[in-house]
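A short worksheet on the structure shown next.
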Amino acid sequence: MTFSGVFVPLITPFDRAGAVALDALEALAHDVLSAGARGLVALGTTGEPGSLTEAERGDVAGVLARVCRERDAPLIVGGDPQRVPAHAAAVLALVPPFVRPGENGVVAYFTDLARRSPAPLIVYHVPYRTGQPLSAATLRRIAGIGNVAGVKLATAAIDVETVALLADAPPGFAILGGDDAFLSPLLAMGAHGGILASAHVRTDRFVELTEAWKRGDAARAREIGNRLAALSITLFAEPNPAVVKAVLHAHGRIPTPRVRLPLLDASPRALDAALAAQSGCGGDTVTAGSGRADARDHHFR
């Protein structure tokens with residue numbers, strides 16, 4: 001399978017009692033797919049997997065696997081490859097964090113993990129979280145490992161290594177943007193799509209952006225991309241996914257805006273800024289599937 005387009009790493013909604021709201025999760029999954037997302041990501045960072053019990057993680061993955069089967073959409077699952085649903089199209093596998101094994105150690109790690117994984121790996125390269133930088137040359141070595149399908153590239157910059165990788169991208173290796181505000185320039189340079197928490201909000205516009213760059217409509221892509229970058233900046237103004245959840249709750253799409261510790265709920269100021277940025281993205285301010293009153297009437301009810 002070739003991974004391209006917009007993948008949404010779904011949040012885990014909680015109800016007023018603090019339990020996982022599986023019905024809301026299912027509805028949200030259908031919403032973003034109906035708005036044009038290519039596929040879903042279960043148990044990525046945005047889904048707060050470290051704050052879920054093993055049973056809750058299983059329930060979340062099971063719901064999203066069922067939705068993807070029904071919609072014939074690819075599901076990427078974060079975490080242990082040995083525990084992914086049978087329907088998973090890929091495993092989102094993090095570069096080993098904290099230990100800083102060096103680039104050769106990272107290559108050896110993914111060689112072993114890919115050999116044992118029942119599904120192809122998408123390597124999650126996020127050095128500001130893991131502490132382990134990777135050069136373009138090392139990413140090409142990783143691309144040559146059997147059963148590795150691509151990379152989620154989240155380096156918080158378009159640096160020399162990003163430029164070098166995209167200037168000579170390995171064939172058949174999906175390069176997916178993972179820093180939402182940088183999506184448009186990455187697509188302009190040849191990235192294949194993105195795994196984007198911001199695409200919970202205005203999914204349709206993120207899809208339109210990827211399609212505009214794909215067909216070479218630079219003027220349209222720049223217009224949309226600039227507005228979506230501003231939206232993404234507001235959605236990440238506080239630790240992810242707090243602001244995303246606040247916006248979704250404000251539109252009546254999830255029952256509460258709650259996150260679990262160590263995260264804190266978004267501030268009213270951050271919510272207002274994100275709602276204002278969303279309204280600047282053109283079209284209706286209410287995202288597919290909401291159909292409620294103006295978001296500002298909901299806030300933290």
Side-chain angles (χ1 to χ4, degrees), residues 1-10 33 37-47 49 61 64-65 67-69 71-97 103 106-127 130 132 134-155 161-162 164-180 183 186-187 189-197 199 206-207 210 213-214:
M1 172 180 290
T2 300
F3 294 91
S4 62
V6 172
F7 288 80
V8 182
L10 286 178
L33 290 174
R38 175 70 180 94
L40 305 177
V41 180
L43 304 175
T45 307
T46 304
L64 298 184
V67 170
C68 285
R69 284 196 302 270
R71 302 295 296 269
D72 193 27
L75 175 67
I76 302 169
V77 181
D80 184 352
Q82 304 306 316
R83 297 185 179 184
V84 302
H87 181 68
V91 176
L92 186 61
L94 188 65
V95 171
E103 292 184 284
V106 170
V107 173
Y109 171 79
F110 282 121
T111 300
D112 178 68
L113 190 64
R115 177 181 56 80
R116 296 184 288 109
S117 177
L121 303 183
I122 293 178
V123 171
Y124 187 5
H125 178 36
V126 54
T130 66
Q132 177 62 65
L134 298 177
S135 66
T138 294
L139 287 169
R140 290 196 188 93
R141 290 172 64 195
I142 291 170
I145 298 170
N147 208 31
V148 172
V151 62
K152 178 182 177 182
L153 197 63
T155 58
E161 301 301 337
T162 301
L165 178 66
L166 286 165
D168 186 21
F173 184 66
I175 299 173
L176 302 172
D179 281 313
D180 299 17
L183 176 65
L186 285 173
L187 292 170
M189 295 168 66
H192 302 92
I195 296 177
L196 309 164
F206 282 95
V207 172
T210 61
W213 278 120
K214 185 177 180 179

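The two atoms that bring Leu94 and Phe110 nearest to each other are O-CZ, 3.7 Å, heavy atoms only. When all heavy atoms are compared, the tightest approach of Phe3 to Ala149 is CE1-CB, 3.7 Å. Nearest heavy atom pair, residue Ala199 against residue Phe206, reads CA-CD1, 3.7 Å. For the pair Val95 and Val123, the tightest heavy-atom approach, listed with the atom from each and the gap, is CG2-CG1, 4.0 Å. Across all non-hydrogen atoms, the minimal contact from Gly190 to Leu166 is C-CD2, 4.0 Å. Summarising the geometry of Val91 relative to Ser117, their closest heavy-atom pair is CG2-OG, 3.9 Å, with the distance given to 0.1 Å.
Remark: Ile145 CD1 to Asp112 CG distance equals 10.0 Å, nearest 0.5 Å. Rounding to the nearest 0.5 Å places OG1 of Thr45 at 6.0 Å from NZ of Lys152. Note: Leu196 CG to Leu176 CG = 8.5 Å, rounded to the nearest 0.5 Å. Interatomic distance, OG1 of Thr162 versus CG of Leu139, reported as 8.5 Å (0.5 Å rounding). Of the inter-residue distances, the one linking Arg38 atom CZ with Phe7 atom CZ reads 5.5 Å to the nearest 0.5 angstrom. One distance of note links CZ of Phe173 with CD1 of Ile122; it measures 9.0 Å at 0.5 Å rounding.
Side chains of Thr130 and Pro96 form no contact here, defined as non-hydrogen atoms less than 4.5 Å apart. No side-chain heavy atom of Thr111 sits under 4.5 Å from any side-chain heavy atom of Val148. When side chains are defined from C-beta on, Pro85 does not count as touching Leu64, because their heavy atoms never get closer than 4.5 Å. Side-chain contact between Thr46 and Leu10 is absent, with no heavy-atom pair separated by less than 4.5 Å.
In this model, no donor atom of one side chain and acceptor atom of the other lie less than 3.5 Å apart for Thr155 and Glu161.
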Counting only pairs under 3.5 Å, give me each side-chain donor-acceptor contact of residues 74-83, with atom names and distances, residues two or more places apart or in other chains.
{"unit_1": "Asp80", "atom_1": "OD1", "unit_2": "Gln82", "atom_2": "N", "d": "2.9"}
{"unit_1": "Gln82", "atom_1": "NE2", "unit_2": "Arg116", "atom_2": "O", "d": "2.8"}
{"unit_1": "Arg83", "atom_1": "NH1", "unit_2": "Glu54", "atom_2": "OE2", "d": "3.4"}

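His125 places no side-chain N or O within donor-acceptor distance of the main-chain N or O of Leu153, the cut-off being under 3.5 Å. Here the side chain of Asn147 pairs a donor or acceptor atom with the backbone of Ala114 at under 3.5 angstrom.
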- Task: I would like to know whether Val106 and Gln132 meet side-chain contact (heavy atoms from CB on, under 4.5 Å); could you show each step before the answer?
- Result: CA-CA 9 Å; Val106 170; Gln132 177 62 65; 3.8 Å; yes

One pair to check against side-chain contact (heavy atoms from CB on, under 4.5 Å): Val41 and Val8. What are the steps and the verdict?
CA-CA 6 Å; Val41 180; Val8 182; over 6 Å; no

